[in-house]
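Read the structure below first, then the notes.
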Amino acid sequence: MTRLIRSLSDSPAGPSGRATGPNYPEVGATRTGPLPAGYHHLHHTVRIGTGRAAYEAAGAAVTTWAMHRATGARVDSAAEQAEPGVTLEVSLGLGPVRFTAPCQVIWTTYTEKETGFAYGTRGGHPECGEESFVVDLHDDGSVWFTVTAFSRAAVWYTRLGGPVVRALQHFYARRLGRSLAGLVAGR
């Protein structure tokens with residue numbers, strides 16, 4: 001099977017530039033590695049199921065924003081599925097108090113054993129960096145979900161929040177995994 005991995009540079013319009021595109025120079029580092037110095041790194045992996053059906057359900061939930069929405073996040077995008085160049089806004093919060101995070105899909109992978117994408121931050125995001133969400137089907141039939149990210153503060157309140165912001169990022173990565181496992185299990 002041919003691997004279908006696309007990146008922002010493969011999109012018809014190409015990278016959209018620094019003003020509206022990603023607000024950090026290491027675009028694609030969650031795919032190509034290593035994660036760049038000068039950022040906080042996050043890596044969280046969790047088993048979410050077993051078998052082809054679980055893999056396909058998880059991959060669809062990740063790439064259609066369903067996983068994010070299952071955590072209570074709002075996702076606003078004209079696209080129904082992750083593809084390089086797609087822009088979206090993810091917002092978290094309670095009621096009218098929400099933090100909005102403008103992002104752009106950097107790369108996608110849709111293969112027999114790996115499905116997922118990464119988005120990068122754009123201007124107006126409280127952080128700058130990149131985060132990937134990948135589902136893997138292992139040879140033993142187990143299905144795993146991995147969040148990989150590098151980020152640093154982009155505005156005063158995330159700089160001020162320092163360790164609390166990082167703790168919230170780790171909490172959210174774990175919540176994504178639990179939400180995805182619930183979606184796969186039909187809960």
Side-chain angles (χ1 to χ4, degrees), residues 1-13 22 27-33 42-93 98 100-122 125 129-151 169-187:
M1 154 117 195
T2 303
R3 293 176 59 93
L4 180 57
I5 301 172
R6 296 184 57 217
S7 68
L8 187 59
S9 61
D10 298 329
S11 66
V27 174
T30 56
R31 185 76 191 161
T32 60
L42 181 148
H43 186 84
H44 176 70
T45 300
V46 63
R47 184 178 174 154
I48 55 161
T50 304
R52 169 80 37 203
Y55 167 73
E56 291 175 2
V62 167
T63 59
T64 62
W65 330 123
M67 173 189 67
H68 283 80
R69 289 181 174 127
T71 68
R74 292 182 190 162
V75 179
D76 181 25
S77 178
E80 294 183 20
Q81 183 172 336
E83 290 296 339
V86 165
T87 58
L88 62 150
E89 286 191 356
V90 180
S91 63
L92 296 167
R98 301 193 76 76
T100 300
C103 301
Q104 182 173 15
V105 176
I106 302 300
W107 58 261
T108 59
T109 179
Y110 294 97
T111 72
E112 290 294 315
K113 292 194 170 201
E114 180 182 67
T115 299
F117 74 97
Y119 55 48
T121 59
R122 299 181 323 165
H125 195 295
E130 192 171 292
E131 189 167 20
S132 68
F133 313 93
V134 178
V135 177
D136 290 295
L137 176 61
H138 290 202
D139 290 338
D140 66 359
S142 62
V143 180
W144 294 83
F145 171 65
T146 301
V147 178
T148 303
F150 61 92
S151 64
Q169 289 170 332
H170 286 269
F171 170 81
Y172 189 64
R174 290 188 303 274
R175 183 171 171 92
L176 287 168
R178 285 190 305 273
S179 296
L180 184 57
L183 289 170
V184 168
R187 292 182 261 145

Exercise. State, with a plain yes or no, whether a side-chain heavy atom of Thr109 is found less than 4.5 Å away from one of Arg31.
Key: yes

Extract all donor-acceptor atom pairs below 3.5 Å that involve side chains of residues 176-186 and protein atoms in other chains or at least two apart in sequence.
unit_1	atom_1	unit_2	atom_2	d
Ser179	OG	Arg175	O	3.0

Self-check item: Residues in side chain to side chain contact (heavy atoms under 4.5 Å, CB included) contact with Thr121, at least two apart in sequence or another chain
Solution: Asn23, Tyr24, His125, Cys128

Practice problem: Check ring pair (Phe, Tyr, Trp, His ring centres under 6.0 Å) between Phe117 and all other residues, then give those that pass, not counting sequence neighbours. | Solution: Trp65, Tyr119, Phe133

Quiz item: Partners of Glu131 by side chain to side chain donor-acceptor pair (under 3.5 Å), sequence neighbours excluded?
Solution: none

Exercise. Check side chain to side chain contact (heavy atoms under 4.5 Å, CB included) between His170 and all other residues, then give those that pass, not counting sequence neighbours.
Key: Leu42, Arg174

Quiz item: For Arg122 and Pro22, which heavy atoms make the closest approach, and how far apart are they?
Solution: CG-N, 4.4 Å

Self-check item: Residues that Thr64 engages under side chain to side chain contact (heavy atoms under 4.5 Å, CB included), provided they are two or more places apart
Solution: Ala66

Quiz item: Partners of Thr63 by side chain to side chain donor-acceptor pair (under 3.5 Å), sequence neighbours excluded?
Solution: none

Practice problem: Could you tell me whether a side-chain N or O of Glu83 sits under 3.5 Å from a main-chain N or O of Thr108, the two making a donor and an acceptor? | Solution: no

Exercise. Scan side-chain atoms only and decide if Trp107 and Ser132 contain a donor-acceptor pair under the 3.5 Å cut-off.
Key: no

Quiz item: With a 3.5 Å cut-off and no angle check, do the side chains of Thr100 and Ser91 form a donor-acceptor pair?
Solution: no

Practice problem: Not counting sequence neighbours, list each pair that qualifies as a side-chain hydrogen bond (donor to acceptor under 3.5 Å, both in side chains) and has a residue in residues 48-59. | Solution: Arg47-Thr50, Tyr55-Thr115

Quiz item: Under the side chain to side chain donor-acceptor pair (under 3.5 Å) test, which residues partner Ser142, sequence neighbours left out?
Solution: Asp140, Trp144

Quiz prompt | Atom of Thr146, atom of His43 and distance for their closest heavy-atom approach | solution = CG2-CE1, 3.5 Å

Show every donor-acceptor pair shorter than 3.5 Å between a side-chain atom in residues 70-80 and any protein atom, with sequence neighbours excluded, or say none if there are none.
unit_1	atom_1	unit_2	atom_2	d
Thr71	OG1	His68	O	2.6
Thr71	OG1	Ala73	N	3.4
Thr71	OG1	Tyr172	OH	3.2
Ser77	OG	Ala79	N	3.1
Ser77	OG	Thr87	O	3.0

Quiz item: Excluding sequence neighbours, so at least two apart, what forms side chain to side chain donor-acceptor pair (under 3.5 Å) with Glu89?
Solution: none

